[in-house]
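Below: the structure, in structure tokens.
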Amino acid sequence: MDFIEKELKEGISAAFKVVFEHDLDVESFSLQPTRKDFEGSHTFVMFPYLRVTRKSPEESGKAIGEYLQANTQLVSGYNVVKGFLNLTIADAAWLNALQQISSNDTYGDLPSNGQKVMVEFSSPNTNKPLHLGHLRNNFLGDSVSKILKAAGNDVMKVNLVNDRGIHICKSMLAYQKFGEGETPDSSGMKGDHLIGKYYVKFDQEYKKEIEGLIHQGTDAEEAKKKAPSMLEAQQMLRKWEEGDEETVALWKLMNGWVFDGFDVSYKTMGIEFDKIYHESDTYLLGKDIIEEGLDKQVFYKKDDNSVWADLTSEKMDEKLVLRGDGTSVYITQDIGTCELKHSDFPFDKSVYVVGNEQDYHFKVLFSIMNKLGREYADGLYHLSYGMVDLPSGKMKSREGTVVDADDLMQEMFDTAEKQTRELGKIEGLSEEEANKLYRTLGLGALKYFLLKVDPKKRMLFNPQESIEFQGNTGPFIQYTHARISAIMRRAESLEIQSGFEPVGIELKERELELIHKLTEYPKTVALAAEDYSPALVAQAVYDLAKSYNGFYQDVPIFNEDDKNLVRFRINISQAVAKVIRHGMGLLGIDVPERM
RNA sequence: GGUUCCAUAGCUCAACUGGAUAGAGCAACUGCCUUCUAAGCAGUAGGUUCCAGGUUCGAGUCCUGGUGGAAUCACCA
């Protein structure tokens, strides 16, 4: 909380004590920003306290306002409309706040809270390339990690790669049959795209076989199970699990290609992990915990030897945790992996960035960890984000209705280049600088587009209407930063010293608005961390940039006789740029010095 | 069918967690580049917040019941 708000709340609390002889806990209420149509910046709502004041809302507000104005340096005026007490803060306090912000190089970073947080995201399958949905996942996970870190947590970013299983075998099988020794080098394709091609190929063949069987009179469900391709894929999975040399060699070869491809994509996205888990190493985990659960009577056995968890008391169903033949299912692995993660990094919180289609799975998982008596179970959190829809509906890899991640990023870079050229803004840039700028802008537009929406909500992406560079967009905010950079360059060339004297300055509306927004920024970071919501940061940074552009339009910076005022306005600009850079950084977006 | 989530301007999204006259961007229309970057700024128009009740001084937000949509309810992952 910034000191203006802190002092204000303490003042209000003191006012209640003196005027109404009532103890009002500072933590028990909050102030809200005053609506634009009224005088003032902070508003206190009187309605909830009328029982205490035993006066009309207007009289109560007036009494508090009067006290604050008379007894604090902070409040220079007030007005009461209905039950809303609007408070005006003295210019000196705002100027003081700006100086504090300016002198703080890590403004926006909150003090350490000693909490360890693990964030798991991305978690791709190695049988197909990344698509738009993965982009939302990756950007979200990366941004949330950065926000949590800024909010004072010790953060560990992990990626659990799903590199084994029947879906991988499908690609392998199709490659064996139709691949003819093709490699990423020979085909000129990125490894993940090459493998994806064979995954689609498998599905086509498989569908043909099903149709053939149905034509011969087999019913649909039966045909899906009996199709030769599927039987072969299952056979291959068994061979893989037995460690068959030839199968494992092919698996390693093809996975290697995919990883090379993914590395390129992650690099383009600007995303890194602290640790990578492979499901091929972890898929057998969890069985010993199932044993433990049986001993503790958290689980029970059925006649066929299969093991179950009964969650009916928590309005969920029974859940299979181990098959009758002793092999594991999805949740078995997750139970084991959860334990492994905690022993690797004893977290207070563990965040799973996974789509909301798995809501039920995680509810079950967390409930089981809880029943098993894991003290860390309360810290498990499913960051459940909504799907990205296309106008045609949901994306499906197998049906080819996906927006490919690499293609989309390239399109964004191309669009950025086109727009930059059209606006004639490449003058004076080297080829290398220009290319870097296109990437910064293109990726900024894309990340901002996906992160500005509340993660929990599903969102729509229309490929026909390309992502904008004007309005509420990444490039708009980047542009604001570039503008300020230009001002800083000019200030430097004019040898204007930084810093200003906080006296004799009468704040303009636009200046006050900017400082007010700057002071609220740390609160936004804290709230974004609490809600796991980069959207809050995006909104705040956009608001700030929007305000700055208004200021830029209305208020001259250099064309001003009072040199102290010039320095003050440069100081504001610098502080705004600092917060924009910090906020965009939390979204994983770079800001350019010129554009 | 059960469970969970969602429904706000023509479109994409906000609304500080129950506060004042519901805000931005895009699209449409008007203005503003011989002064610091027009990827900008200012303005016009656009709303029965899906419907019907309820709680409250106050409801887009909470409760109940509808309508419409999505996800999930696998010995797939």
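Bear in mind that the values here come from a model prediction, so they are computed numbers and not experimental data. Note on naming: letters A, B, ... go to the chains in the order of the sequence lines (proteins, then strands), and numbering restarts at 1 for each one.
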Base-pairing assignment for [N] (Watson-Crick or G-U wobble, both under 3.5 Å):
N	answer
rA14(B)	none
rA7(B)	rU67(B)
rU34(B)	none
rU44(B)	rA28(B)
rG1(B)	rC73(B)

Exercise for the section: Indicate, with a heavy-atom threshold strictly under 4.0 Å, whether Asn127(A) touches base, sugar-phosphate, or nothing. Expected result: nothing

Problem - Pair Ser547(A)-Glu513(A), side chain to side chain donor-acceptor pair (under 3.5 Å): steps then yes or no - result: CA-CA 7 Å; Ser547(A) 290; Glu513(A) 181 183 302; 2.6 Å; yes

According to a cutoff of under 5.5 Å between the ring centres and under 30° between the ring planes, does [X] stack with the base of [N]?
X	N	result
Tyr552(A)	rG40(B)	no
Phe84(A)	rA20(B)	yes
Phe47(A)	rG19(B)	yes

Electrostatic pair [X]:[Y] at N-O distance under 4.0 angstrom:
X	Y	result
Arg35(A)	Asp37(A)	yes
Glu511(A)	Arg569(A)	yes
Asp192(A)	Lys128(A)	no

Handout entry: RNA chain B: 5'-proximal contact among Gln470(A) and Ile484(A) (nearest heavy atom)
Key = Ile484(A)

Fill in the blank from the handout: Scoring nucleotides 1-18 of chain B by protein non-hydrogen atoms under 4.0 Å (B base, S sugar-phosphate only, - none) yields ------S----SSS-BB-

Practice task
Could you work out the separation of rU61(B) and rU49(B) based on their P atoms and round it to a whole Å?
Solution key: 10 Å

Between [options], which nucleotide has the shortest distance from any of its atoms to the side chain of [X]?
X	options	answer
Asp37(A)	rA24(B), rU21(B), rA39(B)	rU21(B)
Val329(A)	rG19(B), rU37(B), rC75(B)	rC75(B)
Ser306(A)	rC73(B), rA77(B), rC75(B)	rC75(B)
Gln419(A)	rC75(B), rA39(B), rA77(B)	rA39(B)
Arg323(A)	rC75(B), rG40(B), rU35(B)	rC75(B)
Thr420(A)	rA77(B), rA39(B), rU21(B)	rA39(B)
Phe476(A)	rC41(B), rA77(B), rU37(B)	rC41(B)

Exercise for the section: Keeping the roles fixed (side chain from Asn137(A), backbone from Val353(A)), state whether a donor-acceptor pair exists under 3.5 Å. Expected result: yes

Handout entry: Side-chain (Asn159(A)) to main-chain (Ser123(A)) donor-acceptor, under 3.5 angstrom
Key = yes

Handout entry: Close side-chain approach of Asp359(A) and His382(A), heavy atoms under 4.5 Å
Key = yes

